[in-house]
Amino acid sequence: MRIGMGYDVHKLTEGRHLILGGVDIPHTLGLLGHSDADVLLHAVMDALLGAAALGDIGKHFPDTDERYRGISSLKLLSHVGELLRQEHYVIENIDAAVIAQRPKLGSYVDQMEKNIADTLGIDPGQVNVKATTEEHLGFTGREEGIAANAVCLLSAMYESSVMAADSRPGCAGCRGC
């Protein structure tokens with residue numbers, strides 16, 4: 001099993017869409033960034049890449065590369081999912097939190113979870129997204145930016161098959177023998 005954690009933050013600004021978890025959320029401000037600046041998906045990708053020891057999104061999608069200007073972070077997440085498959089990792093679960101004073105995000109969480117699960121080819125029950133405020137404290141509380149944290153658990157395909165074999169009655173390592 002491998003645990004990964006990710007964190008991202010982007011400044012709120014005028015003239016941009018607010019995209020979180022692949023959902024275009026109506027708001028007067030959007031997030032500033034080279035791509036669509038989806039802090040939630042960026043934190044999720046960094047958690048997944050970190051758990052697999054594959055670097056971070058800056059390594060894979062540098063903001064100096066024009067191919068990624070304005071790109072949907074769902075496309076980037078899809079690429080990360082493919083990297084994990086190539087390395088024979090299975091996503092066990094993802095848990096993430098978006099920190100924003102406004103807008104209220106509760107009604108968008110289910111769609112965010114579905115977007116993440118669909119993009120990675122996993123069950124929506126393996127993805128949990130929460131939204132919280134910082135009670136008007138700090139840069140998120142002053143509505144200067146939005147932050148996100150994510151953690152994930154990965155297992156290698158070979159680990160899953162070994163664990164399944166080890167749990168059958170009568171095999172070496174089984175506690176029930």
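Keep in mind that this is a model prediction, so the values were computed, not measured.
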Q: Kindly say whether R102 contributes a backbone atom to a donor-acceptor pair with the side chain of E143 at under 3.5 angstrom?
A: no
(Q) If you apply the rule side-chain contact (heavy atoms from CB on, under 4.5 Å), what do you find for L77 with L120, and how did you get there? (A) CA-CA 7 Å; L77 181 63; L120 293 170; 3.8 Å; yes
(Q) Consider side-chain contact (heavy atoms from CB on, under 4.5 Å). Of V127, I94, D118, which one does E113 pass it with? (A) V127
Q.
If we count only N and O atoms by modelled type, under 3.5 Å, do the side chains of D8 and H42 hold a donor and an acceptor together?
A. yes
Q) Is there a side-chain contact between L76 and I71, using heavy atoms and a 4.5 Å cut-off? A) yes
Q) Say you draw a straight line from CE of M45 to CD1 of I116; how long is it, rounded to the nearest 0.5 Å? A) 10.0 Å
Q) Under the ring-ring contact (aromatic ring centres under 6.0 Å, His included) criterion, do F61 and H79 qualify, and how do the steps go? A) CA-CA 10 Å; F61 316 112; H79 181 76; 5.6 Å; yes
Q) Do the side chains of V98 and T132 get nearer than 4.5 Å, heavy atoms only? A) no
Q.
Looking at R16 and D36, is any side-chain nitrogen of the basic one under 4.0 Å from a carboxylate oxygen of the acidic one?
A. no
Q) Going from CE on M112 to NZ on K130, what distance comes out if it is rounded to the nearest 0.5 angstrom? A) 12.5 Å
Q) Is the shortest heavy-atom distance from the side chain of Q101 to the side chain of R142 under 4.5 Å? A) no
(Q) Going by ring pair (Phe, Tyr, Trp, His ring centres under 6.0 Å), name the residues that satisfy it together with Y108, two or more places apart in sequence or in a different chain. (A) none
Q. Does the side chain of R69 come within less than 4.5 Å of D63's, by heavy atoms?
A. no
Q.
Would you say that D24 contacts L18 through its side chain, given a criterion of any heavy-atom pair below 4.5 Å between the two side chains?
A. no
Q.
Donor-acceptor check, side chain of H17 to backbone of H27, threshold 3.5 angstrom: yes or no?
A. no
Q. Given side chains that start at C-beta, do those of L83 and Y89 come closer than 4.5 Å, heavy atoms only?
A. no
Q | Close side-chain approach of L154 to I3, heavy-atom, < 4.5 Å | A | no
Q. Which residue, L54, V44, L84, forms the side-chain contact (heavy atoms from CB on, under 4.5 Å) with L49?
A. L54
Q: Determine whether the side chains of E134 and T140 contain a donor N or O and an acceptor N or O closer than 3.5 Å.
A: yes
(Q) Measuring only between side-chain heavy atoms, which start at C-beta, is M1 closer than 4.5 Å to S155? (A) yes
(Q) Looking at every non-hydrogen atom in both residues, tell me the closest pair between K59 and G55 and how far apart they are. (A) CD-CA, 4.1 Å
Q: Using atom types as modelled and distance alone, determine if a side-chain donor or acceptor of N93 lies under 3.5 Å from a backbone N or O of Q126.
A: no
Q.
Using the rule that Ile, Leu, Val, Met, Phe, Trp and Tyr join whenever any side-chain heavy atoms are under 4.5 Å apart, tell me whether V39 and L105 fall into a single cluster.
A. yes
